[in-house]
Amino acid sequence: MSKGRLGANLVSNVAFFALNIVVSLWLVSYLVRQLGVAAYGMVPLAVTVAGYFNVITAGLNAAVGRHLTVSLSTGDQARASSIFNSSLWAGVLVALLMCVLGVPLLTQIAHWIDVPAGWERDAGWLFFLTVGGLAVTTLGTPFQSVVYSHNRFDLQNLGNILGLVCRVAVVVVLFRLSAPQLWHVGASVLVAAVATITVVILAARRLAPSLKPQLSAFSWPVVKEVSGTGGWVFISQIGTLLLINIDLLVANKVVGAAAAGKYALVLQWSLLLRNFAMVVSGVFGPTILTLHAQHRVQEMIDYARSSVRYLGLVMAIPIGIVCGFSEDILRVWLGPEFAPLSYVMMIATGHLALNLAYLPLHNISLATNHVRWPGILQVVAGVVNLVLAIALAKVWGLYGIAVAGGLVLLLRNLVFTPLYAAHILNRPWWTFAREVLPILSMAGLMFAISFGVSWRVGPASWLMLAGCACAVGALGAVVLWTVFLQAEHRAMAIDKLRRKLKRS
């Protein structure tokens, strides 16, 4: 649970991110070719709807991670066992509930969303199997918390990589055995979840062999205590759904299934960047929780500030590149007919440079158990986003949905998140807010360079596009190292590199 795991975790995160990009982009293009844009739009929409079921477990996941980390860091094995088993058996009940609630999706999905003609029954199976995959993931919650508490994201990523491989393999095999169907994609999601959780369970048994499934260790008082934290996280997750997981549903209901399919393609890039940032910010979580549990508050603040700064600066490089090369990416990836969506892609992706940077600060609210006001504000922001997205979609179509989401997220993360973190720690309001300027400068520089290269070169193949993006990314890395990285952090990085070279 030490900060010494940070390097290994980041390397594994980068490796998984790189593989995830290659697999996801290939798989999306493959599904569009095999199913068509409108039918493909059902796939990310199914993931979105399954995310609504995740509200049931999100509070439990966050709360178990927090309490289990604190118990293990203080050496309280008895309490750790009670938390582990209480969450395990509660997770079994929740998974069963998910499956029951997922049955209406199997039979009634066409009554709730715009489904392309002829795909109604197939879409029902897609949604049901996707929820089933989430139910499997729910069963692994306590085991994931063990891996989280030991700061072993490298093992978690091993499971994620296996899940990716299984998902692609199942889709390709089923598509070749018979005519491509949407339920084939749902089956791949379920198999991938089983593969991922299997690795996580094995890792948890290795990291904490004393934590074993025991029904006798289940405790309702522990569930209630954990739910005290998880309840407000649950409320926050409802707001999160309305804030970042409502776009596709609004597009489907207001603009139509075909347009929603196109919007889902555009969102694929912002989703990849968002997922990577969430994984990286999760690496900082155990350390922030441990430092707070050990009452090393100032050290926690310094660590959180550095996390925000460098997460934002690092993410500014790929975000600026994706926005600058957006038209080329769509043309090479999907075909010239999709190039006009480049401006929607810029709007949907550009704001992430600032919004993703402040993800590590959410761990401060969780560590200090100040989760009520973030939960309330998240719901308010989510409702505002829903209303604004519907209103602007009727006027500007997909552009309106993208503008609404970006605007509300910026107000939430640039105003409330850093100010509230400073408030609960009794620090000046600018403690975390001053990281905005360097991050914004880095993102603007990367976008300007990428857009200029795109205009001058106009890469027309994956090889040319990759070469241009790598060149701009390398330049961004040099700028990050020489201009934005603080001297003491450069010295620390060089010292760690020298020590590793001596060991080898």
Side-chain angles (χ1 to χ4, degrees), residues 10-34 37 40 44 157 160-161 164-165 167-168 171-172 262 264-280 311-350 352-353 356 442-482 484:
L10 285 176
V11 169
S12 72
N13 285 337
V14 170
F16 171 64
F17 177 58
L19 180 62
N20 192 32
I21 286 180
V22 174
V23 171
S24 297
L25 296 182
W26 177 86
L27 185 59
V28 168
S29 179
Y30 179 73
L31 293 177
V32 169
R33 292 196 307 271
Q34 297 292 325
V37 175
Y40 163 76
N157 284 327
N160 292 334
I161 290 172
L164 275 179
V165 173
R167 185 175 182 186
V168 172
V171 166
V172 171
K262 293 180 180 179
L265 294 172
V266 169
L267 286 184
Q268 183 65 31
W269 288 87
S270 61
L271 182 64
L272 287 171
L273 293 167
R274 189 191 300 274
N275 287 343
F276 176 64
M278 291 182 68
V279 171
V280 173
L311 176 61
L313 290 172
V314 169
M315 291 305 301
I317 297 176
I319 290 172
I321 291 174
V322 168
C323 289
F325 287 105
S326 58
E327 185 174 346
D328 304 303
I329 289 172
L330 291 170
R331 183 182 296 108
V332 173
W333 179 36
L334 299 169
E337 66 272 21
F338 292 93
L341 293 171
S342 61
Y343 292 106
V344 179
M345 187 169 171
M346 288 183 193
I347 297 171
T349 306
L352 296 178
L356 297 180
M442 186 69 174
L445 178 63
M446 289 296 96
F447 171 75
I449 296 174
S450 299
F451 190 82
V453 173
S454 172
W455 181 72
R456 292 285 297 177
V457 179
S461 67
W462 277 119
L463 185 60
M464 289 181 63
L465 187 56
C468 292
C470 288
V472 175
L475 178 61
V478 172
V479 172
L480 173 60
W481 177 267
T482 58
F484 292 104

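Since this is a predicted model, take the numbers as computed values, not measurements.
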K.L.:
Nearest 0.5 Å please: distance from the CD atom of Gln268 over to the CH2 atom of Trp333.
P.N.:
5.5 Å
K.L.:
Are side-chain heavy atoms of Leu265 and Leu341 found at a separation under 4.5 Å?
P.N.:
no
K.L.:
Can you check whether Pro318 reaches Leu273 side chain to side chain, under 4.5 Å on heavy atoms?
P.N.:
yes
K.L.:
Can you sort out the partners of Ile347 under side chain to side chain contact (heavy atoms under 4.5 Å, CB included), two or more places apart, ordered by chain and number?
P.N.:
Tyr399, Ala402, Val403
K.L.:
With heavy-atom distances below 4.5 Å as the criterion, would you say the side chains of Val172 and Val168 are in contact?
P.N.:
yes
K.L.:
Please tabulate, for side-chain N and O atoms in residues 451-476, each donor-acceptor pair with protein atoms closer than 3.5 Å (sequence neighbours left out).
P.N.:
residue, atom, partner, partner atom, Å
Ser454, OG, Asp328, OD2, 2.3
Ser461, OG, Met464, N, 3.2

K.L.:
Measure the OG-CE distance between Ser326 and Met346 for me, rounded to the nearest 0.5 Å.
P.N.:
3.5 Å
K.L.:
According to salt bridge (charged side-chain N to carboxylate O under 4.0 Å, His left out), does anything in residues 457-466 pair up with another residue at least two apart or in another chain? List the pairs.
P.N.:
none
K.L.:
Tell me every residue that passes side chain to side chain contact (heavy atoms under 4.5 Å, CB included) with Leu445, counting only those two or more places apart in sequence or in another chain.
P.N.:
Ile449, Val479
K.L.:
Side chains of Val322 and Met345: does their closest heavy-atom pair fall under 4.5 Å?
P.N.:
yes
K.L.:
Indicate the atoms forming the closest heavy-atom contact of Ile319 with Leu352, along with that distance.
P.N.:
CD1-C, 3.6 Å
K.L.:
Could you pull out the closest heavy-atom pair between Gly324 and Ser450, with the gap in Å?
P.N.:
CA-CB, 3.7 Å
K.L.:
Do Met315 and Phe276 touch side chain to side chain, with heavy atoms closer than 4.5 Å?
P.N.:
yes
K.L.:
Applying ring-ring contact (aromatic ring centres under 6.0 Å, His included), name anything that partners Trp26, two or more places apart in sequence or on another chain.
P.N.:
Tyr30
K.L.:
I'd like to know if the side chain of Trp269 reaches the main chain of Thr349, judged simply by a donor and an acceptor atom lying under 3.5 Å from each other, with no hydrogens or angles considered.
P.N.:
no
K.L.:
Start with the C-alpha gap between Leu272 and Asn275, add the side-chain angles, then the distance that decides, and say whether side chain to side chain contact (heavy atoms under 4.5 Å, CB included) holds.
P.N.:
CA-CA 5 Å; Leu272 287 171; Asn275 287 343; 5.6 Å; no
K.L.:
Might you point out which heavy atoms bring Phe338 and Leu330 nearest each other, and give the distance in Å?
P.N.:
O-CD1, 3.5 Å
K.L.:
Between Ile317 and Met446, which heavy-atom pair has the shortest distance, and what is it?
P.N.:
CA-CG, 3.8 Å
K.L.:
With sequence neighbours excluded, tell me which residues meet side chain to side chain contact (heavy atoms under 4.5 Å, CB included) with Ala339.
P.N.:
Glu327, Arg331
K.L.:
Answer yes or no: is there a side-chain heavy-atom contact under 4.5 Å between Leu356 and Met278?
P.N.:
no
